[in-house]
Amino acid sequence: MVNEWGIKTRVLFLTLVPTITISLLLSAYFTSTRIQDLEESLKDRGYAIALKLAPASEYGVFSANTKTLQQLAAEALSEPEVRLVSIFNKEGKLLAHAGHENKEDAVILSVKDQPNGVMMADTGSSLLFTVPITIRDVIIEDYAYADSPYDQPHQHDNVIGWISIELSRTTTTLRQYQVLFACGVIIFIGLAISGIFAYRMGRDVTRPILQMAYAVEKIKNGDYNTRVYTHARGELRHLEAGINTMGTALKAAHEEMQQSIEQATADLRQTLETIEIQNIELEMARKEAETASRVKSEFLANMSHEIRTPLNGVIGFINLLMKTKLNSRQTDYLSTIHKSATSLLSIINDILDFSKIEAGKLSLDQIPMDLPDCIEDALTLMAPSAHEKALELVPMIYTDVPEKIIGDHLRLKQIITNLVNNSIKFTHSGSVIVRVMLEKETHKHVVLCVSITDSGIGLSKEEQKSLFQAFKQADSTTTRKFGGTGLGLVISKRLVQQMGGEIGVESEEDKGSTFWFTFLADKAKEQTTILPRNDLKGHKVLIYEPHPTTRLSLNHLFSRWEMIVKDISSTENIDAILTDAKKKGAPFDFVIIGVNQPDASGHFIEELINLIKGKHNCPVGVLLNSTEQIIHDAIFDAGAALCQAKPIRRKRLYDAITEVLTHVPQDEDIPEDVQIKLPTLRIPNSDKLTVLTVDDYEANLKLVNALLEDVGINVFCATNGKDALQLVAQHSFDLILMDIQMPEMDGIEVTNRIRSSEPPGVHTPIIALTAHALLSEREELLCAGMDDYLTKPINEQELQRVIAKWTNKQTLININSAFEKAPTTHSTHKIVSNVPIDWKLSLKLAGFKPALAKEMLEGLIETLPKGQTNINKAFSMNNLTSMREHVHHLHGACCYAGVPHLKAAAANLETAITEKAHDKIQFMMVELNKEINKILAFIKNNKDILNTLSQELPSKHKPTKTEEIH
Amino acid sequence: MLFKKIGTLPIFWCCILLLYTEITMATPSIALVANAAHQSILNRTKLALETSPGFNAKIHKITLHDNKASPKLITDTLDEFTLIVPIGSKATRAVIKSKTQTPILSILIRKYAFDAMVDKYHLDKKSGLNVSAIYLDQPIERQLNFVEAILEKQDKEQMIGVLLGPHSSRLTEKLLSEAKIRDLKLKIVKVNHNENPVEYLDLLLEDAKILLAIPDSKVYNPKTARGMLLTAYRKRVPIVGFSKTYVCNGAMASLSSTPKQIVLQAANQIVAYLNNQDKKLPPPSFTDGYRVNINQGVAKSLGLELDSDTSIYYALKQREDYTSITNEGKVCRYDMKKYDRIQQVEL
């Protein structure tokens with residue numbers, strides 16, 4: 001606590017405490033001494049008086065002369081403070097008395113013996129001295145007493161009387177009080193003086209210090225002009241001077257600093273301005289550059305588009321021309337032109353893709369896809385070029401790879417095509433093996449790795465580094481040797497990156513290279529259980545395949561189908577093996593012969609077929625690296641049960657083998673599925689169709705017209721939107737093919753107008769023709785009221801398929817193709833399937849009872865118009881409860897009829913109503929109405945369809961079960 | 001039994017310092033015994049002896065220490081001496097108590113004290129013991145003469161008061177007879193052992209106009225002296241004391257012997273004894289010489305007019321001579337016993 005005292009307090013403390021202590025001690029000492037002195041002097045006086053009085057009264061007492069004694073006593077009384085004098089004789093008899101009458105006995109506090117026999121009694125207010133009056137000895141002998149036999153007398157014998165003197169204490173006490181008072185006054189004055197001095201001194205020290213502290217505080221707060229003038233002396237003056245100097249110095253320093261800060265700020269500002277200007281300039285430059293880049297990209301895209309459009313015409317007409325009768329030279333020329341045009345198109349497509357990627361406009365689809373199909377598609381596409389070089393193109397899809405994934409199959413196909421194409425390009429002999437492996441699998445996603453291994457020229461390390469850069473090929477010389485834009489790998493790389501994967505290459509020069517990439521894909525939500533492919537279970541198959549990888553691949557495939565497989569690499573022992581097997585009682589059910597390129601001159605295959613078929617009566621399948629129909633035909637002629645080009649397509653092979661093994665082949669010559677593939681699809685009754693084509697580019701228009709007229713469709717043409725609208729108003733069309741990019745009025749607007757002018761219940765399918773195959777665009781188109789789209793360049797088959805899909809006049813064929821397509825674009829996606837009634841599903845739901853299925857469908861169709869009206873009414877009245885009721889009712893009815901789209905639409909609407917998501921409800925309402933209208937239109941257009949279906953289809957399809965196999 | 005004690009345990013009974021004890025049979029030796037109070041007298045005596053013509057003896061000084069009330073002397077040692085001279089009553093008593101056979105001459109001793117010792121130790125009955133003394137007192141006759149001399153200028157008819165104590169009461173007849181001779185009025189009051197003499201004095205002084213003090217420790221002692229002086233002073237009665245000190249302390253006049261007078265007389269007697277063939281000490285005697293002491297202050301305050309010392313001395317001397325003439329041989333030649341007997345006979 002003492003440590004927290006300020007200086008003033010300390011000074012006060014230091015000054016006052018010793019002073020007080022000393023003065024108190026001294027005053028106490030002197031006062032007490034003084035008081036004691038007074039007391040002592042009183043006693044002494046009393047003692048002296050008593051002693052004086054005793055001898056004086058000696059004679060009086062001795063002689064009992066009371067008069068003398070009285071006189072004596074009266075004299076004694078005149079002494080100050082003496083209150084009472086009494087003289088007694090030895091016996092205690094009062095001889096003389098002076099002073100007040102001592103009536104009452106005073107209380108005696110203490111009794112003290114003094115020298116000479118004086119006794120002092122204290123009564124508090126007075127002192128009482130009692131003195132013996134003695135008679136002193138008188139020497140009367142000349143020579144010592146001893147000469148006379150005289151006994152020493154006892155002291156008391158000398159006492160002849162007593163004097164009692166009372167001394168009043170009043171005066172003494174008064175004096176004592178005076179002393180005390182004086183002492184107190186002196187102490188007080190002394191303390192006050194020292195206190196004042198101490199206070200002043202403390203103040204003299206503290207005030208300057210406080211002022212200085214205040215000044216320092218002010219300086220701290222930035223008031224550098226603060227100065228202290230305290231008039232202090234000594235050290236404090238030094239301190240004061242120091243603070244003032246410090247203030248001055250600080251002020252100077254501060255000003256200097258301020259100045260330099262200002263200078264620096266000014267500099268900085270200037271620099272900032274410069275930088276700002278530079279920034280603006282840079283920004284402008286950047287914008288210019290970006291604009292330039294964008295313009296370049298746009299130019300590129302536009303250019304490629306513009307180039308593609310006439311090129312499409314060229315290719316289209318080449319295709320048409322090829323169908324006309326030509327001599328061999330013309331055919332040769334034409335095929336060369338076709339090839340050149342196609343490669344030109346691919347180059348332009350690459351450029352288009354690249355520019356799109358560069359522009360960041362590329363977006364990926366997220367739709368369910370069949371991975372093996374996709375890979376096989378890509379390989380099939382590349383098969384001809386592989387076959388040309390007699391390369392083995394082997395797909396190897398590992399068993400743990402999920403078949404159904406969600407992704408962009410087109411782009412995946414593009415990547416694989418690019419890489420395989422690349423590999424084929426740089427491989428002269430050997431094989432190109434495509435492996436698909438599962439790298440990582442989580443609950444939702446899979447990471448897949450695709451690697452393409454070739455036995456080509458390989459790449460050096462330096463080449464590998466620059467491999468994935470744009471406009472670069474591994475070797476500038478190779479460009480010349482092999483051609484190509486060098487964009488393929490870059491596009492692939494970008495696509496892979498966009499798919500969330502990596503791409504890479506491992507290669508050794510002259511030893512081939514392996515390109516690999518990984519990509520992230522979602523698992524398909526409804527991972528359809530892989531249907532058991534057990535039709536071939538237990539069948540024995542012998543495989544002859546000289547190429548080991550292909551052999552291994554085949555072996556795996558057949559094993560997966562649970563067949564008993566034996567493979568051989570040479571034909572030497574084939575006869576022995578077959579005989580041996582027969583002997584053992586387990587003959588081979590089927591023999592697969594794999595060849596690379598059939599020997600043109602030799603009859604190796606024919607001999608083999610003859611041997612196996614003739615001798616062992618065993619069906620033979622041939623797999624070969626050729627797509628030439630002539631060779632295929634020749635092999636069929638030789639007696640092969642099937643003949644397929646490598647790389648094999650699993651589904652096709654499975655179907656074919658199943659066909660061969662489970663049915664006694666009746667029509668040996670032409671297998672059914674092969675026939676389907678033939679590009680000679682014709683649309684019967686197509687002449688009944690009327691189609692409107694709208695395109696501003698006349699070549700295109702002409703091409704489409706030619707293609708359509710080929711199949712006997714009535715075609716109306718319009719070169720712009722106005723004409724189209726006029727035509728639509730004048731005629732009724734079964735289908736409209738609409739170009740999107742048109743001057744004045746684009747396709748979307750035209751479509752909107754058509755839709756708005758359509759009477760209710762009438763829905764003319766409008767197919768968009770577009771060069772932009774982006775997902776977003778597609779959705780945009782569909783939202784705009786179009787029903788489907790076709791990508792330019794228009795493929796003949798695709799065109800026919802679409803027409804068949806949207807015009808239901810070629811029922812049988814169309815339904816066939818529809819059934820094939822339907823599973824790939826399942827109901828979950830918005831791209832609605834074009835056939836509203838899934839008869840197969842109806843049958844399945846009805847337990848394969850056609851009559852029941854028909855009944856259910858008819859019941860549904862009967863209730864549809866009423867349900868539609870009810871739902872619409874409820875919707876317009878915004879009565880959600882009743883709406884939900886009706887929708888639920890409809891949903892229930894849909895459950896037992898094969899109307900998946902309607903069912904899905906109803907279910908979605910119901911969910912939306914339950915969630916009370918109004919905007920969603922509105923959308924779903926449109927969907928539902930669309931579906932209902934579709935079904936009603938379908939039924940209206942095909943009044944007999946139900947009957948036909950219930951009678952014919954099941955008998956044809958049910959036993960084959962092809963639909964169930966994907 | 002007492003002897004036995006003395007003989008067997010001499011060291012414990014005596015505290016005597018023998019300065020030197022060289023004693024030869026050829027030369028007589030004298031022991032001067034005194035306590036510390038009388039050392040000056042002892043030295044004077046020794047000096048007087050040594051200066052005396054015809055003195056040929058060795059002098060031993062023996063100092064008694066006053067611590068003991070009655071010091072003892074070693075008998076064997078004392079027996080070696082030719083003569084023992086005790087100075088003062090204490091020394092005398094100590095020497096007598098030592099039962100020595102050596103002759104004793106006591107000096108500076110009151111007559112009543114010596115008589116009491118003689119009575120107590122039966123010295124007169126022992127034939128062999130040679131004891132004598134020179135008294136400190138003045139004889140009664142001289143004292144009465146002195147009173148007569150003082151009163152010469154006054155009224156002779158004045159009553160003389162005498163206060164006698166137990167020791168001095170035997171002088172009553174002597175006083176009366178002597179007063180009768182001188183035609184003096186005498187009033188004697190006797191004080192018993194335990195009575196206060198002052199009260200008697202008060203009584204006595206009702207009649208007496210002058211008080212003659214006869215030494216008696218029971219009557220006149222330092223304790224009583226003041227009272228008596230005061231009483232006498234109150235009664236305006238002069239006191240005739242018996243010592244010079246008494247006069248200094250308030251008595252009006254006194255007769256006394258000076259130490260020189262005493263010492264010379266003692267020396268004379270010792271020399272006489274030593275030179276005497278039959279070795280017989282003279283009987284106890286008063287001093288021959290005396291002196292008159294007058295306190296003129298007291299006398300004046302009492303309103304009396306006295307002559308000077310000398311004149312009174314001479315007046316007294318005249319009367320003495322007269323008395324001596326008239327009573328020649330009677331007084332001086334008396335030994336103590338004889339004196340007593342005579343007195344008794346006369347009574």
Side-chain angles (χ1 to χ4, degrees), chain A residues 50-73 75 87-93 95-96 116-118 131-163, chain B residues 34-38 40-41 64 66 69 87-93 108-110 112-113 116-117 136 167 196 198 202 213 215-231 233-235 239 241-251 254 256-259 262 291 293:
Chain A
L51 276 189
K52 200 172 76 186
L53 213 53
S57 57
E58 184 181 333
Y59 170 71
V61 174
F62 181 77
S63 59
N65 188 345
T66 49
K67 202 178 166 187
T68 324
L69 289 176
Q70 193 64 47
Q71 202 179 344
L72 206 67
E75 274 171 23
I87 302 170
F88 306 89
N89 68 1
K90 198 177 179 182
E91 282 74 34
K93 187 190 163 199
L95 298 175
N116 296 320
V118 179
V131 197
I133 303 165
T134 51
I135 287 203
R136 272 154 294 169
D137 291 352
V138 177
I139 309 298
I140 47 172
E141 289 279 3
D142 282 344
Y143 310 101
Y145 284 141
D147 289 341
S148 58
Y150 158 72
D151 297 327
Q152 279 290 332
H154 201 268
Q155 187 76 22
H156 281 297
D157 291 346
N158 271 353
V159 174
I160 55 164
W162 305 90
I163 296 178
Chain B
N35 59 6
H38 299 306
S40 60
I41 301 296
L64 294 174
D66 283 335
I87 302 162
S89 61
K90 280 183 183 173
T92 310
R93 193 183 290 118
L108 219 67
I109 188 166
R110 294 277 172 196
Y112 69 88
M117 257 178 267
L136 185 60
H167 299 299
N196 186 0
V198 182
D202 209 28
D216 184 327
S217 63
K218 283 292 171 192
V219 180
Y220 302 101
N221 55 46
K223 223 179 98 175
T224 55
R226 191 171 182 82
M228 288 188 171
L229 281 169
L230 285 171
T231 308
Y233 180 71
R234 184 162 55 92
K235 301 274 183 187
I239 297 170
F242 44 78
S243 67
K244 194 188 177 205
T245 313
Y246 209 164
V247 171
C248 290
N249 283 330
S254 72
S256 64
S257 302
T258 62
I262 295 165
R291 183 179 60 177
N293 307 301

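Keep in mind it's a predicted model, so treat the numbers as computed, not measured. So you know, we letter chains A, B, ... as the sequences are listed, proteins then strands, and number each from 1.
- Using a 4.5 Å cut-off between heavy atoms, B/Thr92 does not touch chain A at all.
- Using a 4.0 Å cut-off between a side-chain N of Lys or Arg and a carboxylate O of Asp or Glu, B/Asp202 and B/Lys235 qualify as a salt bridge.
- The line from CG of A/Leu95 to CD1 of A/Ile133 is 7.5 Å long, rounded to the nearest 0.5 Å.
- Using the six-membered ring where Trp is involved, B/Tyr112 and B/His167 have ring planes that are parallel, under 30° apart on the 30 and 60° scheme.
- Using a 4.5 Å cut-off on side-chain heavy atoms (C-beta onward), A/Ile163 and A/Leu72 make no contact.
- Heavy atoms of B/Phe242 lying under 4.5 Å from chain A belong exclusively to its side chain.
- For B/Pro259, the parts sitting under 4.5 Å from any heavy atom of chain A are the backbone and the side chain alike.
- The choice from B/Asn249, B/Leu229, B/Val247 that makes the most heavy-atom pairs within less than 4.5 Å of chain A is B/Asn249.
- At a 4.5 Å heavy-atom cutoff, the contact between B/Thr258 and chain A is made by backbone atoms alone.
- Between B/Leu108 and B/Ile41 the shortest side-chain heavy-atom distance falls below 4.5 Å.
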